[in-house]
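Working notes for the structure below.
Just so you know, these numbers come straight off a predicted model, no measurement behind them.
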Amino acid sequence: MSATIGPARSRVDGRLKVTGAAKYSVEFEVPNCAHGWTVESNIAKGKITAIDTKAAQAIPGVLAVLTHLNMPKFKSAPKKEDRGGGGGIRNEERFPLSDDAVHYAGQYVALVVAETIEQARHAASLVKVSYAPEEPLLTMEAAVKKAEKPKMNRDEKMQITKGDVEKALKDASLVKIEQTYITPTETHNPIEMSGTIAVWEGDQKLTLYDATQYVKGVQNVLSRTFGLELENVRIICPFVGGAFGCKGAVWMHVLLAAMSAKVAGVPVKLHVSRRNMFVGTGHRTPTRQTLSLAATLDGKLQAIQHVSETLTSPVGQFTESCGARSTGLMYESPAIRVEETVYPLNVMRAPGECPGSYALECAMDELAVALKMDPVALRLANHADNHPTKNVPFSAKHLKEAYQLGAEKFGWAKRTPEPRSMRDGDLLVGWGMATATYPAHKMSAAAKVQLRANNTATVQCATHDLGTGAYTAFTQISSEQLGLPFENITFELGKSDFPFGPVAGGSNSTGTVGTAIHEVAGLLHKALAELAVKDPKSPLYNLKADDVTMVAEGRIGLKADSAKSDAYADILKRAGKDAIEVQSEQKPPEENKKQAFQSWGAHFCEVKIDPLLPRVQVTRVVSVMNCGRIVSAKTARSQIMGGVTMGLGMALTEETSYDPATGLPVTRNLADYHVPTNADVPEIDVSFVGEPDFAFNPIGARGMGEIGITGMAAAIANAVYHATGKRVRDLPITPDKLI
């Protein structure tokens with residue numbers, strides 16, 4: 001098999017999207033659909049003492065006003081996170097409008113349902129809520145007495161100890177650095193806000209058009225919270241306009257939409273406003289991370305200590321590991337210690353590898369400066385062939401090639417190491433680099449295929465396309481595995497009616513669903529073989545079906561002699577069948593504890609800064625990734641470009657600021673919360689190295705949804721230091737920090 005599946009295909013859903021024909025969840029037309037509008041708390045902690053809804057109820061068109069005083073009770077639902085088994089994810093475990101308690105600013109305290117969205121919004125503005133405020137916990141310092149050090153996070157250790165870190169850090173013969181790095185709260189802002197349309201067909205059947213990364217998870221949670229049979233809950237989401245983690249869980253608006261539709265007796269659309277995306281769908285926790293490194297004069301690490309502090313919410317424990325997912329695996333060292341502390345605050349809650357790698361990769365750059373050593377050479381000196389804390393070899397790791405190709409394409413050899421030593425006219429020029437990494441996750445999935453006698457096929461799985469190209473990638477995998485032309489495949493996703501697909505998170509979808517496609521393709525070929533070996537007119541007549549496999553496009557044949565073969569279409573026509581259908585089983589993924597599976601990469605970037613107006617402009621990026629087999633070359637490149645762009649925002653612009661008096665975000669729209677635009681993003685040169693990782697799965701592909709962002713902010717921060725001589729350790733790097 002080649003390192004890439006087929007040619008670089010354009011997106012199969014591209015025309016639908018650019019013409020506006022692709023329907024997103026809240027765009028579906030449902031007859032007699034009413035609209036919901038929420039009322040949010042303006043305190044961070046306390047009790048609701050009174051709610052006056054009389055004025056709201058008097059507005060023409062208002063169908064219902066729900067508060068904790070009249071909200072029907074929900075039934076049970078899974079409390080713990082489930083990342084792929086089908087139970088669903090509820091990061092906020094408390095049910096909406098369930099009592100008079102306020103746990104965070106922006107918590108939904110009422111919902112108005114009206115015939116039009118204008119009526120609902122106006123009526124919601126007339127709801128008067130009185131509170132008895134309590135002193136909220138809004139900072140790590142305030143919550144120090146409630147801090148915890150969890151031992152595990154989703155089956156992974158959070159507190160790690162290897163060797164004697166203290167001894168190495170006290171060794172006077174070693175070169176040491178110790179610094180603290182801070183990342184702020186960041187809020188995901190996909191183009192498509194979250195939203196749900198809830199439609200009841202009688203008391204026992206519910207359909208949701210929901211903007212989600214996990215149709216099967218939503219189906220499970222809603223069936224349990226309303227006491228419905230699983231098959232009587234349908235979730236439909238054919239397209240997602242970006243997600244970044246905020247659409248993986250069942251947030252409160254989903255439950256509110258379903259319950260309000262039941263109460264009002266009509267379908268209800270509840271579209272989360274941009275303003276409420278900052279309070280109602282989670283966020284990335286701020287972090288404070290202290291890195292201590294000790295190395296010999298030739299750059300060999302002798303100790304790495306990573307102490308991180310993050311936040312969680314009082315209404316749902318969510319932990320985003322930083323140190324364990326970066327320092328715990330990136331570099332070889334005889335002594336490694338990771339300590340993670342979590343603080344529950346009265347605020348609501350993308351991968352921990354992202355802030356974790358930012359801190360570690362900045363610390364590695366500072367160590368390189370202290371050693372007067374090239375940053376790439378330092379990383380090569382500490383390259384880990386085996387997992388540093390699990391002591392098993394990495395599978396198909398080609399990070400050294402990523403460093404080499406990235407350095408060559410970027411021209412790294414021309415870099416002069418002294419800060420402020422490179423210029424372009426009056427502009428300071430800085431070059432920086434960092435390592436990227438993300439684990440290779442796989443979950444359980446199933447798939448169904450219908451092969452027709454005209455040599456076309458439809459493949460189905462309840463998976464998702466977040467805008468990343470999954471439709472195209474799964475069509476390419478299906479084409480290869482089934483043995484049919486790309487143009488003959490229709491891949492369908494985004495419906496809970498289809499065979500099980502996991503949450504589209506943790507960069508697992510390509511590897512997981514690709515494996516399910518591989519399995520169902522094998523079942524299809526077996527079914528065709530069983531027809532052929534019983535058919536006297538087939539060249540495969542009287543052979544054993546187990547000795548037959550796909551031997552060419554559209555043909556199965558004898559494994560030992562591919563000349564003996566038969567065409568799919570001929571087999572079906574002779575059997576008098578217009579089509580044949582098979583489905584694989586959902587089963588837990590196979591575990592391989594003898595190897596570690598991780599994707600890798602290297603970012604190189606250039607910044608230019610006017611010393612009189614120290615605004616950082618990223619002018620060039622080279623990213624080289626090692627993600628196993630590349631399924632869809634065109635969309636894979638776009639994936640990494642997207643991650644790099646998000647890393648640019650993390651480094652230079654993104655920060656959600658909170659009012660210390662109320663706990664509410666003050667940057668609550670895209671005018672105040674700054675994300676990179678076209679003018680901020682330079683040309684991004686993306687390449688891939690390595691080979692298929694068949695030890696990981698039968699298609700050899702690891703995910704790449706999140707690896708593009710890891711390390712990017714550090715590469716920019718390191719380039720800024722090289723340009724200016726100023727080390728900014730608290731993101732984002734805004735001009736005031738460089739003056």
query: Under 6.0 Å between ring centres, would you say that holds for F278 and Y673?
result: yes
message: Could you check, using the six-membered ring where one of them is a Trp, whether W251 and Y108 have ring centers closer than 6.0 angstrom?
response: no
Compute whether any side-chain donor of one residue and acceptor of the other, for [X] and [Y], lie under 3.5 angstrom apart.
| X | Y | result |
| --- | --- | --- |
| T662 | N42 | no |
| T458 | Q450 | no |
| Q586 | S444 | yes |
| Q481 | H518 | yes |
| E92 | Y104 | yes |
| R637 | Q639 | no |
| T677 | D680 | yes |
| T456 | N488 | no |
| S194 | T281 | no |

Would you give me the side-chain donor-acceptor pairs under 3.5 Å for residues 489-502, sequence neighbours excluded?
| from | atom 1 | to | atom 2 | distance (Å) |
| --- | --- | --- | --- | --- |
| E492 | OE1 | Q460 | NE2 | 2.7 |
| S496 | OG | I235 | N | 2.8 |
| D497 | OD1 | R234 | NE | 3.1 |
| D497 | OD2 | R234 | NE | 3.0 |
| D497 | OD2 | R234 | NH2 | 2.8 |

What's the shortest heavy-atom distance between [X] and [Y], and which atoms?
| X | Y | answer |
| --- | --- | --- |
| A257 | A198 | O-CB, 3.4 Å |
| P267 | P31 | CG-O, 3.7 Å |
| A124 | T38 | CB-O, 4.2 Å |

message: Check the orientation of Y24 and F239. Use parallel for under 30°, tilted for 30 to 60°, and perpendicular for over 60°.
response: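 Tilted.
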Worked verdict on D210 versus T196 for side chain to side chain donor-acceptor pair (under 3.5 Å): CA-CA 4 Å; D210 187 43; T196 305; 2.6 Å; yes
- prompt: Atom CG of L208 and atom CH2 of W200: how far apart are they, to the nearest 0.5 Å?
  reply: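 Nearest 0.5 Å value for the CG-CH2 distance: 8.5 Å.
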- prompt: Atom NE2 in H271, atom NE2 in H253: separation rounded to 0.5 Å?
  reply: 9.0 Å
task: Return yes if some donor-acceptor pair links the side-chain N/O of E706 with the main-chain N/O of S507 below 3.5 Å, else return no.
output: yes
field: T187 side chain vs T656 backbone, donor-acceptor pair below 3.5 Å
entry: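 No, because the side chain of T187 does not come within donor-acceptor range (under 3.5 Å) of the backbone of T656.
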message: Testing R11, K17, R9 one by one against D13 for a salt bridge (Lys or Arg N to Asp or Glu O under 4.0 Å), which residue passes?
response: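 Of all the options given, the one that passes is K17.
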- prompt: Is it the case that more than 12 heavy atoms not belonging to Q57 sit under 6.0 Å from its CD atom?
  reply: yes
